[in-house]
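Just below is one structure, and these are the notes that go with it.
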There are 2 protein chains.
Amino acid sequence: MPKSWTSGGFELHLDLEPGVGRRAALERSLREAIRSGRLAAGTQLPSSRALAADLGLSRGTVVQAYEQLLAEGYLTSRSRTHTEVAAVPGARVRTQLRSATNFSVPYDLAPGNPDVSQFPRSTWASALRHAVTIAADEDLRYGDPRGHPQLRRALADYLGRVRGVRISSQAIVVCTGFTNGLRLIAAALRDRGGRVMAVEDYGLPFHVDAIEHAGLRTETVRLDDDGLVVDELPNADAVLVTASHQLPWGTRLHPARRGALVDWARDNNAIVVEDDYDGEFRYDRQPIGAIQGLAPEHVIYAGTASKSLAPAMRMAWLAVPERLLEPIVQIRLLSERQCPTFEQLALAQLVDGGGLDRHLRRMRTHYRKRRDFLLDALATSVPQVRPIGIAAGLHVTLLLPDGTRDDDIRAVLADHGVGAHPLSDYARAGTAPPGLVIGYATPPGHAFPAAVQALVTALAKLV
Amino acid sequence: MPKSWTSGGFELHLDLEPGVGRRAALERSLREAIRSGRLAAGTQLPSSRALAADLGLSRGTVVQAYEQLLAEGYLTSRSRTHTEVAAVPGARVRTQLRSATNFSVPYDLAPGNPDVSQFPRSTWASALRHAVTIAADEDLRYGDPRGHPQLRRALADYLGRVRGVRISSQAIVVCTGFTNGLRLIAAALRDRGGRVMAVEDYGLPFHVDAIEHAGLRTETVRLDDDGLVVDELPNADAVLVTASHQLPWGTRLHPARRGALVDWARDNNAIVVEDDYDGEFRYDRQPIGAIQGLAPEHVIYAGTASKSLAPAMRMAWLAVPERLLEPIVQIRLLSERQCPTFEQLALAQLVDGGGLDRHLRRMRTHYRKRRDFLLDALATSVPQVRPIGIAAGLHVTLLLPDGTRDDDIRAVLADHGVGAHPLSDYARAGTAPPGLVIGYATPPGHAFPAAVQALVTALAKLV
């Protein structure tokens, strides 16, 4: 058997040009790789012994080639055994491992992110380590496209206990965020001949984009103070609804409307997609349960870890009626197959061990204090703005005096370094009243009072 | 401010029916939740104090309701403070956290999985812990849909060094497995008006399904001993090719064909999708570099951790030509946004720290020994079967004597408990010669000799 080309050191791919001497070919190949940036400055080369074995050359040939390139400045050497690519003018520099930081406004009050500075890092690191340790070898292979059975069981228990969801673990699909789940749902409905998904006339624009990219049309349905005006639902295959805390209005769907919505789904053989993005966060009373519990055969319940833990986890889950399970699983297989297994096992442990409950309780207190602080500051300094919606979730919507223009809102927010969105950014049809959607969860603790102060100052200019 | 409903213990959602006494309503609600299976046997209830606070009831009311349900057998109590749901006939049982095991044949020689018993668990656990520790808070929010900048930089360096890929980290897209990447590519081509992706006439059936589900047609192109017959490529927008190690034939694309393929792409303004699924594994010589290095503007290089580490990681990466980057990123945003961040940071550390190189070297030796052992056993016991392809990857294809029927192959494999696939399972057009595709990586070490023995015994029946 020939000697393996992999005898030691870092790996390196080189093509040696035929028809020239081996040493010259090696030198040219290395020069080209360095000049083109394929080998970046700082990359460590294999030992001359290893590279010689890899390429089937004598060690002397490699040593001579290395020495030539050292002399030419392409390589640099910190010791007899450490040769690395030098910083050649124009070539690429190998960037050291470091944490990236995002550009952001000084006072980030845009909705969408939880307070990630409170992410339970040590708990999660332990859960991940445990997952890597206890996973069966079989768990490391291709697995169930619905997600790992342990996580599905844990979620079925959790959702039943906390959100009133009635579902078998067999019918849970773990996905990489709600948008991923929404795409799976829309594509599955389309594959079955569906054409239209109704949406609330205020919401996240990219949800509409995801639904339409998957091949369904959307139709908007009006909201009032009691949430979606169910009477006005069109002839649709499904409706997407934020029932426990409307995004962005912050209202809840009135109990009578919940019943009417389920009746509509039954009558039209349609699906209610219940986007329960922040259903765990209610501050004045126990949250109302999921609509899914009223009619499991007509509602897809969707939950997520993005608001309860962190968006970067990319973990969400669907509770799917029997008849849509197989179509969704088929699309899953052809789209991304499954979620990463270790993270699923870690989340199962967090849920089963009560770690998620503990974190949610802690965060609920945290956010409730923030919400009270924000509303007190507003009531004191800019009583003309009117907060609307229930005491829940991670955002509050403020109505501004009639006549305030969106252009003014954007300009004044920018002047004060405040990140927040005009209500009109969420409007899908018609015009929005002047308003502002404030995410009070995002800033870390030390920055929150300053962010609220900056907001209040900005609002004082507007009203 | 009212007292929070979240004062302690596990969380529990209950709806109290109006119009009956509070204690009766609580009892009914608990009974219904247990009987319906929403609260599974073994679920721990909140303390009476906590539940009373949550529901706005007196503690005595909750204590009485608990006592009533204990008496009725719906609840059980291990101590004064621990009340849990009892195993009620017909109700759901809460399954304890345990590792799942998959059903599988006794001698699993089906291709597709690496030897996951060699997965570097402690290295990966350390890398994950490090990632959870060093991640910036900003990293836990929504991030770059292409993947974390650190991982993209690490992969750009690695792919240039090991596979001859020429790419900026700006143009790498981290995805959740190759199928996910293939879907993104096919959908992006379709969005730009593309209609056809050519495929090799042998390959994985679900790749064709993924391409077609994303909206492109496929056309098959013939293979010969030098790989894809480039002269016969149709008028297509792209071609999917396993150039370094054809799946399943095990051949490599001839150097002259590589050049011709790139010329075809240039002439037709088409894209070569290079599925480099096991490009790191070559046993007799250094692997030939990626085609991408010849024409970065016409090739999408696709690599994966599925064979080098484990499929369950769901980590793969695309090196994307400039003009397709934005369309792919747009679909990414509407499909799953990004991969989980901690796993990306951990992989960046594994790559930058040399841990992946070390693992690959170790596995290369491991698999080469297995391949030699298998081929020796075949040559000794069933010399009539003919192994084909280069010494590379995790599978070998065997041609069986003319006239051997697929039905016989399947029956004899089943009789001997051997998991492996007839060559015809990979045929997309026309008929396949009698053959067998053997994945020699899957069994753990202790099971490998027995698996080879079972295979040899089965083959002896067939030839």
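Just so it is clear, the model here is predicted, and its values are computed rather than measured. Every chain is numbered from 1 and lettered A, B, ... according to where its sequence line falls, protein lines coming before strand lines.
Salt-bridge annotation for A:D137 and B:R121: present, with a side-chain N of the basic residue lying under 4.0 Å from a carboxylate O of the acidic one.
Counting only N and O atoms by type, the side chains of B:T176 and A:R314 include no donor and acceptor under 3.5 Å apart. Looking at B:N180 and B:E336, their side chains do bring a donor and an acceptor atom within 3.5 Å of each other.
Taking chain A as the reference chain and counting heavy-atom pairs below 4.5 Å, the highest number among B:M315, B:R337, B:E343 is found for B:E343. When each of B:L14, B:D144, B:L184, B:I211 is checked for heavy-atom pairs under 4.5 Å with chain A, B:L14 comes out on top. Ranked by heavy-atom pairs shorter than 4.5 Å toward chain B, the options A:R166, A:H207, A:H213 are led by A:H213. Interface remark: of the candidates A:G177, A:A310, A:A210, A:G164, A:G164 forms the most heavy-atom pairs closer than 4.5 Å to chain B. The most heavy-atom pairs under 4.5 Å with chain A, out of B:L182, B:D209, B:L309, come from B:D209. Among B:G289, B:S306, B:S122, B:A125, the residue with the largest count of heavy-atom pairs under 4.5 Å with chain A is B:G289.
Residue contact with chain B, scored on non-hydrogen atoms closer than 4.5 Å, involves the backbone of A:T133 exclusively. Looking at B:L159, there are no atoms closer than 4.5 Å to chain A (heavy atoms on both sides), in backbone or side chain. Only the backbone of B:C339 comes within less than 4.5 Å of a heavy atom in chain A; its side chain stays farther off. In this structure, chain B has a heavy atom under 4.5 Å from the side chain of A:R190, while its backbone stays farther away. Interface remark: A:E32 contributes side-chain atoms only to the contact with chain B (heavy atom separation under 4.5 Å). Of the atoms belonging to A:D191, it is side-chain heavy atoms, and not backbone ones, that fall under 4.5 Å from chain B.
Under the 3.5 Å distance criterion, the side-chain polar atoms of A:Q344 are left unmatched by any main-chain donor or acceptor of A:L151. Remark: side-chain polar atoms of A:S29 are paired, donor with acceptor, to backbone N or O of A:D15 under 3.5 angstrom. Of the possible donor and acceptor atoms, none in the side chain of B:D157 sits under 3.5 Å from a partner among the backbone N and O of B:A154. A donor-acceptor contact shorter than 3.5 Å links the side chain of B:R152 to the backbone of B:S169.
Using a 30° and 60° split on the angle between ring planes, B:F119 and A:F342 fall in the tilted class, from 30° to 60°.
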